[in-house]
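First up is the structure itself, then whatever we jot down about it.
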Amino acid sequence: MKRFIVLSLMVCISFLSVFSQRSERILEEGWKFARGRYASAEKVNYDDKLWSSVTVPHDYAILGPFDRNNDLQDVMNIQNKETRVNRKTGRTGGLPYDGEAWYRCHFRLNGNSRSFLYFDGVMSEATVFVNGRQVAFQPNGYAAFQVEITSYAHRPGKDNVLAIKLDSKAYSSRWYPGAGIFREVRLIETGDVLLSAWKTKVITKIVGANKAEVSVDATIEGKNKSGSIVRLELLDTNRKVVASRQASVRAGEQNSRQILTVLNPRLWSPEQPNLYHLRISLVRDKRVVDHLEQEVGIRSVEFVKGQGFFLNGKHRQIQGVCIHHDLGALGTAINESALRYRLRLLKNMGCDAIRTSHNLPSSLLPRLCDEMGLMLLIEPFDEWDIPKCEKGFHRYFEDYAERMVRDMVCHFRNYASVILWGIGNEVPNQRDPEGWKLVKRLQQYCHEEDSTRSVTVCMDQIPYVLANGFAKEVDIPGINYNTWNFEKAAAVWQQGMILGSETASTVSSRGVYKFPLKLRSMAMYADHQSSGYDVEYCSWSNTPDVDFSLAEKYPWYLGQFVWTGFDYLGEPTPYNNDNWPSHSSLFGIIDIANIPKDRYYLYRSLWNKRDHTLHILPHWTWHGREGQVTPVMVYTDYPEAELFLNGKSMGRRRKLSLSEVQSMKGDSLALLRHYRLIWDSVKYEPGKLVVVAYDREGHPAMSDSVCTAGQPYRLMAMVDKHSVCANGTEYAFVQLKVVDRQGNLCPDSSERIRFRVDGCGEFVASANGDPTDLNPFHISEMPVFHGQLMAIVRGNGRVGELLFEASADGLLPCKIKIKTK
């Protein structure tokens, strides 16, 4: 039996300084920004007084405006089965991201011996200057990097100028890449001898119920390392030391490897994301000269031929989603409260994993995934040396690929949440008979930096791959879509397991329903929307039910990453070929405003094993459809339910077995009836639609209802929290609905809502989830889309109360109060 085994303890590399030898500061305030070409802007004495003042993280292009002419691309998208060149409008969101831009800020050093700048992500092709001298160039906007500036910076008491030139190219992306310094910048100062963050590695040799052995490889940098002592302490959640060791660094050595034994370890999993706290201290002459602190998770991962995926010795199938890096209305500027809000939505759905498609994430994502319990597949590339985009990363691949892969592994290998490395997504090299050599090479880089994890490559050209051996070297073959090829691939490939690395590509718009109810591929309508019945998909893909059935049938099926968890800016398929206005995707289970679509509850009904689900669709306000067939679906984990319209039973339905489904010839919805309850022939009449779910013993267990809405009467608000940090870094999400007098959602409503924030707060952005809406996100008014939208607010630096009011012509307004602390 061949096994791909990972027995690992992962460490959240979130290094905190508590001793004077290491100091770290986030360079957030005091930045000056300008778009365009500016000669000599790197010089110390350059006059930037007329530039804009901004805080970092910062995404300058999210302010728009949306425009059809932004980044028009004439492309034949082979992986989308296109056979001719098409003009792509909205492919990168219709936002003005390309062109040159500059950032400048001033800083002073504290006086330690060595100094570094750490960048978590700068979009894109960043050239970094310190005091007028170039210190770094990073072509990949998603990739973190660090540069030592000791010899470039002035000593304490003198001013230093940091200048960053960006040169984002048009035709460089297939989605909205963002623009600017969109992630954290950190200034780090240390002594002469220090602990290296990315070179320090922590794994476990043994993981069991009674004992775990934790191996810590601490790397020391600097001269005169001999005589140093590396001290380790592992603490539980009560800050009680559960294991400790120390060892001297011998002359000529750079690494210190020690083993910590943890008795009765509390293992990390999505259900119980238990973490320990690891302290690594570097001691010289009985004095701590450097110090790292990290959150630690202990867990084992196994990929077993023919049997599937095991976490901590228990078989499970991955219930994951793919996500891009943008945060909807907030753009790509990373924010912890916004990302945390999104991850909570995914967790409630039952999602247990994320694929960072198709780029490196911010450091914040794995830290939160460690804490909240979400597994990660991290990948660095969307293309190798053969282009998908005219100005894509292929231009730098040969010179930078090895560095990108090794940096990815060193950066993220110590997080509990990371279970797999990806090395590429749907690369054109799949068609190359020699493509397998690049697979082998890139995978080897991963293995050299981390022998504990398996590697996958995400493939869509399966007929070519089956013929040319592209997948023969990879640890875990990943298949994007191609569900009809899974059984053939499983029989041919020697790995004996397959990951659904990208699945479904079902498209839908929240609150939109198209009639008659039937499966449709690449369906397009005059309103540029897709049906919320979750029966429409792309030419290369399928409905979610097909992927559910693969998971149900085959133990070698490792699970799936759905395309996508959230709608994102760009790729408005099926309206991507000159169908403006369409600026965001329709793939999401959750829309770009962070409001769940109906499909959210379909996945929740299968994936959330903790809570019951019962959700009815569509809405029941259909003026003009009286007497017409308006099918009803129910998404639930219960096996059967009965539907009532105005008190009259529409019949009791149960989920069909797979064998029953297979015998239903001629019914295109047959497979769907195994995972959904469907009433095909309900005729619309105004009133109340009620569903009653029954448990396996046949007892009534749960009910849900939807009513025909009256005239819009008032606005109703729900907020995710009632207090925020006053300093403006924490956001509150206010979901607004237009309702009638009885509180029923008015799904046809399109009123324009105005926002006002007084007191100790300010308005940030809003979104309504409409992929065709061209209203800027940052303006304090927005029309609702099918009766709903999301507004985002924050503190303004003062402690007290934030007063939020939403109003619209002809409707009663709503107000909420949020404390700022």
Side-chain angles (χ1 to χ4, degrees), residues 1-8 10 203-208 267 269-270 299-320 352-353 355 375-379 409 413 418-424 430 435-437 439-448 450-503 547-561:
M1 180 187 298
K2 185 171 182 180
R3 289 174 176 255
F4 294 102
I5 302 178
V6 183
L7 296 177
S8 306
M10 302 301 134
I203 62 173
T204 56
K205 304 297 183 182
I206 298 174
V207 175
L267 303 185
S269 71
R299 87 302 185 261
S300 69
V301 170
E302 298 178 73
F303 295 98
V304 184
K305 184 174 182 178
Q307 297 182 34
F309 170 54
F310 293 79
L311 180 69
N312 298 329
K314 297 179 181 178
H315 181 265
R316 64 190 296 155
Q317 288 176 319
I318 294 166
Q319 299 176 166
D352 65 10
R355 173 184 173 218
M375 298 178 288
L376 278 172
L377 160 56
I378 296 180
E379 67 185 14
V409 177
R413 64 187 169 191
V418 180
I419 62 168
L420 275 170
W421 302 119
I423 54 173
Q430 293 171 90
W436 65 271
K437 294 180 179 179
V439 174
K440 183 177 181 179
R441 175 178 139 197
L442 296 174
Q443 179 170 268
Q444 185 61 31
Y445 298 152
C446 293
H447 286 169
E448 286 172 0
D450 175 18
S451 61
T452 70
R453 285 189 187 82
S454 297
V455 176
T456 187
V457 62
C458 304
M459 303 170 288
D460 67 325
Q461 303 292 303
I462 304 307
Y464 288 91
V465 170
L466 287 170
N468 65 21
F470 182 85
K472 67 181 180 181
E473 296 289 341
V474 74
D475 296 336
I476 308 293
I479 294 184
N480 292 2
Y481 315 109
N482 282 274
T483 53
W484 51 92
N485 281 316
F486 267 65
E487 291 184 35
K488 183 186 297 184
V492 171
W493 290 338
Q494 56 84 25
Q495 292 91 339
M497 64 191 94
I498 294 175
L499 174 68
S501 47
E502 193 167 309
T503 65
D547 302 298
F548 294 151
S549 67
L550 283 171
E552 191 172 344
K553 290 178 184 177
Y554 301 115
W556 47 256
Y557 182 67
L558 301 176
Q560 63 172 307
F561 291 93

Once salt bridge (Lys or Arg N to Asp or Glu O under 4.0 Å) is applied, do any residues pair with Glu448, and if so which ones, sequence neighbours excluded? Arg406

Drop me the distance from Tyr481's OH to Ile462's CD1, to the nearest 0.5 angstrom. 12.5 Å

Note: Asn480 and Cys458 closest approach over all heavy atoms is OD1-CB, 3.6 Å

Donor-acceptor pair, Gln430 side chain versus Phe470 backbone, under 3.5 Å? no

Would you say Ile318 and Phe561 make side-chain contact, with heavy atoms under 4.5 Å? yes

Sequence-distant partners of Lys437, salt bridge (Lys or Arg N to Asp or Glu O under 4.0 Å), two or more places apart: Glu434

Test side-chain contact (heavy atoms from CB on, under 4.5 Å), reference Arg453, set Ile419, Ile203, Val418, Ile378, output is Val418

Output for pair (His447 NE2, Ser454 OG), nearest 0.5 Å, gives 6.0 Å

Answer yes or no: is there a side-chain heavy-atom contact under 4.5 Å between Thr483 and Ser549? no

Is there a side-chain contact between Val207 and Arg299 (heavy atoms, below 4.5 Å)? no

Determine the minimum heavy-atom distance between Gly208 and Leu267, stating which atoms define it. O-CD2, 4.5 Å

Quick check: do Phe309 and Met375 have side-chain heavy atoms less than 4.5 Å from each other? yes

Those residues that, when tested against Gln317, pass side-chain contact (heavy atoms from CB on, under 4.5 Å) (two or more places apart): His315, Ala551, Tyr557

Got a sec: does the OH of Tyr464 have more than 12 other heavy atoms crowding it under 6.0 Å? no

Specify the closest pair of heavy atoms between Gly313 and Ser300, including all atoms of both residues, with the distance to one decimal. N-OG, 3.8 Å

Atom pair CG (Leu550) and CD (Gln560), whose distance is rounded to the nearest 0.5 Å: 8.5 Å

Looking at Lys472 and Gln494, would you say the former's side chain and the latter's main chain have a donor-acceptor pair under 3.5 Å? no

Could you check whether any side-chain heavy atom of Trp436 comes within less than 4.5 Å of a side-chain heavy atom of Val474, counting everything from C-beta outward? no

Go through the steps for Ile476 and Val455 under the test side chain to side chain contact (heavy atoms under 4.5 Å, CB included), then give the verdict. CA-CA 6 Å; Ile476 308 293; Val455 176; over 6 Å; no

State, with a plain yes or no, whether a side-chain heavy atom of Leu499 is found less than 4.5 Å away from one of Leu377. yes

Would you compute the distance between atom CZ of Arg441 and atom CD1 of Ile423 and round it to the nearest 0.5 angstrom? 11.0 Å

Distance from Thr456 atom OG1 to Met459 atom CE, nearest 0.5 Å? 6.5 Å

Residue pairs involving residues 479-502 (criterion salt bridge (Lys or Arg N to Asp or Glu O under 4.0 Å); sequence neighbours excluded): Arg355-Glu502

Restricting to non-hydrogen atoms, name the atom on Gly424 and the atom on Glu379 that form the minimum distance, rounded to 0.1 Å. O-OE1, 4.2 Å

May I ask you to test the Phe303-Leu420 pair for a side-chain heavy-atom distance under 4.5 Å? yes

Donor-acceptor under 3.5 Å (Gln495 side chain, Pro477 main chain): no

Atom CH2 of Trp421 and atom CG of Asp475: how far apart are they, to the nearest 0.5 Å? 13.0 Å

Counterpart residues, salt bridge (Lys or Arg N to Asp or Glu O under 4.0 Å), relative to Asp352 (two or more places apart): Arg316

side-chain contact (heavy atoms from CB on, under 4.5 Å) partners of Ala489, counting only residues at least two apart: Leu466, Ile479, Trp493, Ile498

